[in-house]
Amino acid sequence: QLPGVVERVERVLGESKTDPTVRRAELLGSGPSSLGGALVAAAAARAGALLRSQWGCDVVGEVARGAAGGLLWESQRAGVEAVHAAVVADAARPPPPAGGQQQQQAMKKRKQGEEEEEQEEEEEGADGDDPLLTNFFASRALRRLIAAASEEGAGGDGARAFCRALWAGALRGRCKLWAGGHADKVLAALAVCGEPGVAAEAAKELAPLVGGDLREWAATHCG
């Protein structure tokens, strides 16, 4: 730099000089009255309704994984676990009496390429009466949440805890009730998730239900 020449550094308006991760932690806070505390409380209170909505499903998914880098998992663990509990309680509700047959018929229709039914389900995805595991938006959000368990370190800790809670509280010994519909997205994700104990148990229970190679079946539904 030449003498007398002042170096000018342009910054994006509103950009913080603080490291982004540190800044996010500061904004979220750590107490129950902080932004992070309010966020996990809101997600826990309306977990089911939010998961069934097109835009709310990703909010709950991000909170339930503990946020990127595990910031919420480390600062609001009790609150994130409350979100897990709310989701699991909703997911544990049994399917309608004829649910298994209806789901199998839906699967056959999709395999035959009838996309109109899928479009109708997407448009009606926010229906609060349908089971969480088969709801168009919720099933996909849960699949993404479970997939986050494969992330190493703190970023995947919250998702791995969710996998354990969902399997133990809603699906262990009950996969047969759900196999054959949108819930396959959730079941397949658990069978290959980043929580080894859950993945092993889920794979063992699902193997006789999928009628073929489990890994191939899981890859089809996790894509």
Side-chain angles (χ1 to χ4, degrees), residues 47-48 51-52 57 60-61 64-65 81 84-115 117-118 121-122 125 130-153 155-223:
L51 276 172
R52 290 178 174 87
C57 63
V60 175
R65 69 168 291 192
E81 289 175 340
H84 293 177
V87 175
V88 170
D90 198 328
R93 292 165 50 194
Q101 182 179 358
Q102 292 172 352
Q103 290 164 10
Q104 290 175 2
Q105 291 174 349
M107 181 177 65
K108 291 179 181 178
K109 289 180 180 179
R110 286 197 301 276
K111 287 183 177 180
Q112 293 169 357
E114 296 186 7
E115 298 180 355
E117 179 179 321
E118 183 95 350
E121 289 174 344
E122 180 175 0
D130 58 341
L132 192 71
L133 295 174
T134 58
N135 177 269
F136 184 90
F137 298 120
S139 61
R140 287 156 175 76
L142 292 174
R143 178 185 61 187
R144 292 191 291 271
L145 171 56
I146 293 167
S150 297
E151 183 177 332
E152 296 182 358
D157 286 344
R160 284 186 284 274
F162 175 76
C163 289
R164 294 192 295 270
L166 181 66
W167 178 249
L171 289 171
R172 180 188 282 135
R174 306 176 75 226
C175 290
K176 187 175 182 179
L177 294 174
W178 297 105
H182 279 315
D184 282 352
K185 300 179 185 303
V186 180
L187 298 175
L190 284 172
V192 295
C193 73
E195 179 60 28
V198 171
E201 287 190 27
K204 182 177 180 180
E205 186 171 333
L206 286 167
L209 301 176
V210 302
D213 182 83
L214 179 66
R215 286 282 169 180
E216 183 179 342
W217 174 82
T220 299
H221 291 86
C222 290

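- Rounding to the nearest 0.5 Å gives a distance of 11.0 Å between SG of Cys57 and CG of Leu145.
- Contact between Arg143 and Ala189 at its shortest, heavy atoms only, is CG-CB, 4.0 Å.
- Minimum heavy-atom separation, His221 to Ala188: CB-CB, 3.7 Å.
- How far CH2 of Trp217 is from CG of Leu187: 5.5 Å, rounded to the nearest 0.5 Å.
- For Arg65 (side chain) and Gly156 (main-chain N/O), no donor-acceptor pair under 3.5 Å exists by modelled atom type.
- In terms of heavy atoms, Cys163 sits closest to Ala149 at SG-CB, 3.9 Å.
- Between atom CG of residue Leu142 and atom NZ of residue Lys185 there is a gap of 12.0 Å, rounded to the nearest 0.5 Å.
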Open item on the list: Go through it in stages, so that I can follow the logic: the residues are Arg215 and Val192, the test is side chain to side chain contact (heavy atoms under 4.5 Å, CB included), and I'd like the CA-CA distance, side-chain angles, deciding distance and then a yes or no.
Closed with: CA-CA 8 Å; Arg215 286 282 169 180; Val192 295; 3.3 Å; yes
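- The cationic atom of Arg140 (NZ for Lys, CZ for Arg) does not lie both less than 6.0 Å from the six-membered ring centre of Phe137 and within 45° of the ring axis.
- The CD1 atom of Ile146 lies 12.0 Å from the CD atom of Glu195; values are rounded to the nearest 0.5 Å.
- Pro95 has its side chain out of reach of Thr134: every pair of non-hydrogen atoms, C-beta onward, lies at least 4.5 Å apart.
- Side-chain contact between Val186 and Leu166: present, with at least one pair of heavy atoms (C-beta onward) separated by less than 4.5 Å.
- Checking side-chain atoms of Arg52 against main-chain N and O of Pro131 turns up no donor-acceptor pair under 3.5 Å.
- Nearest heavy-atom pair across Leu132 and Gly48 is CD1-O, 4.1 Å.
- For the atom pair CZ of Arg172 and CZ of Arg164, the computed distance is 12.0 Å after rounding to the nearest 0.5 Å.
- Put simply, the side chain of His84 gets close to the backbone of Ala64: a donor and an acceptor are under 3.5 Å apart.
- Taking each heavy atom of Asp184 and Trp178 in turn, the nearest pair found is OD1-O, 4.1 Å.
- In this structure a side-chain-to-backbone donor-acceptor pair under 3.5 Å is present from Glu205 to Arg174.
- Nearest heavy atom pair, residue Ala199 against residue Cys193, reads CB-O, 3.8 Å.
- Separation of atoms CD (Glu152) and CG (Asp157) is listed at 11.0 Å; rounding is to 0.5 Å.
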